[in-house]
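Reviewing the structure listed below.
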Amino acid sequence: MDLTAPRGHGSVAIRLVKQRDARVLQSELLANRGWLRPWEATSPDGPVSFDMRVGVRRLLQQYRDGVGVPFVMEYDGEIAGQLNVWGVARGSLASATIGYWVSERFAGRGITPTAVALATDICFTEMRLHRMEICIRPENRASLRVVEKLGFRYEGLRRRFIHIDGDWRDHYAFALVREDVPEGVLQRWVSGRAPQHAATVPPADRLHA
Ligand SMILES: CC(C)(COP(=O)(O)OP(=O)(O)OC[C@H]1O[C@@H](n2cnc3c(N)ncnc32)[C@H](O)[C@@H]1OP(=O)(O)O)[C@@H](O)C(=O)NCCC(=O)NCCS
């Protein structure tokens, strides 16, 4: 399984992050502070140092340990953002979670749904995982569109679930299992077969809508 070579569809590709991406990622993260802050994971123990050389090193160590797969998303060969597969559990669970961001100037081009579809297909086929989850704050309309487009299934409200932008925040959880997508997530989406309402949040769980 060589994830260093880009896997793509149209102008969008994903590949494993490299140590030498740290400088570009750091400058993108800094230039997009206001855009990313409301959705960014923070530490409940207080501010931590922000050095992407250390960040990328840690992500690659997690990859070597088999607990994560840190991708960058590229648009026409330019780094547009990150897609991180984290919390890989093996054995009877065989699951993982996906997180992502793009720089503001790349928003709205379908980069993230394409990258999530590519990454989910890699996880189901090459990594032999069974379930992929994405957790999203109820306020994050743009991110909710990503799971809606791909037909991820709504699975529930998780109260004060992840520490984001300085506090514990409620999240909606969405997931797919391998049997949901025998043809693959990308193929199902591009051929117009992603279910339209799988990600719909039932009224009882709707917060801040
Ligand atoms: C959420 C995010 C990753 C979506 O990525 P993307 O590559 O823009 O995805 P899409 O192109 O499919 O756009 C998704 C939605 O974003 C919204 N959008 C489009 N252009 C936008 C822009 N310039 N600014 C803000 N939102 C925009 C639209 O509602 C769009 O849905 P539509 O295609 O039905 O109109 C991106 O908005 C982002 O990085 N946001 C900040 C970080 C974040 O929220 N991460 C996810 C945490 S769960």
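Both counts, for ligands and for their atoms, begin at 1 and track the order of listing. By convention here, the first residue in the shown sequence is residue 1.
A salt bridge links E148 to R145: one of the charged nitrogens lies within less than 4.0 Å of a carboxylate oxygen.
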**OP:** Run the numbers on R169 and E139 for salt bridge (charged side-chain N to carboxylate O under 4.0 Å, His left out), then give the verdict.
**Re:** CA-CA 10 Å; R169 310 288 183 178; E139 303 89 335; over 6 Å; no

**OP:** List the steps and the verdict of side-chain contact (heavy atoms from CB on, under 4.5 Å) for R15 and I79.
**Re:** CA-CA 10 Å; R15 62 162 172 82; I79 291 181; 3.8 Å; yes

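Of all non-hydrogen atoms in V185 and D121, the two that sit nearest each other are N-OD1, 2.7 Å.
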May I have the N/O to N/O pairs between ligand 1 and the protein that fall below 3.5 Å, each with atom names and distance to one decimal?
from, atom 1, to, atom 2, distance (Å)
ligand 1, 5 (O), T112, OG1, 2.9
ligand 1, 7 (O), T112, N, 3.0
ligand 1, 7 (O), T112, OG1, 2.9
ligand 1, 8 (O), G108, N, 2.8
ligand 1, 11 (O), G108, N, 3.4
ligand 1, 11 (O), R109, N, 3.2
ligand 1, 11 (O), G110, N, 2.7
ligand 1, 12 (O), K149, NZ, 2.6
ligand 1, 33 (O), K149, NZ, 2.7
ligand 1, 34 (O), R145, NE, 2.7
ligand 1, 34 (O), R145, NH2, 3.0
ligand 1, 39 (O), V102, N, 2.8
ligand 1, 39 (O), V102, O, 3.3
ligand 1, 44 (O), N140, ND2, 2.8
ligand 1, 45 (N), Y100, O, 2.8

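Between the side chains of Q61 and R64, a donor-acceptor pair is found at a separation under 3.5 Å.
Under the ring pair (Phe, Tyr, Trp, His ring centres under 6.0 Å) criterion, the residue pairs touching residues 128-155 are Y154-Y172, Y154-F174, with sequence neighbours excluded.
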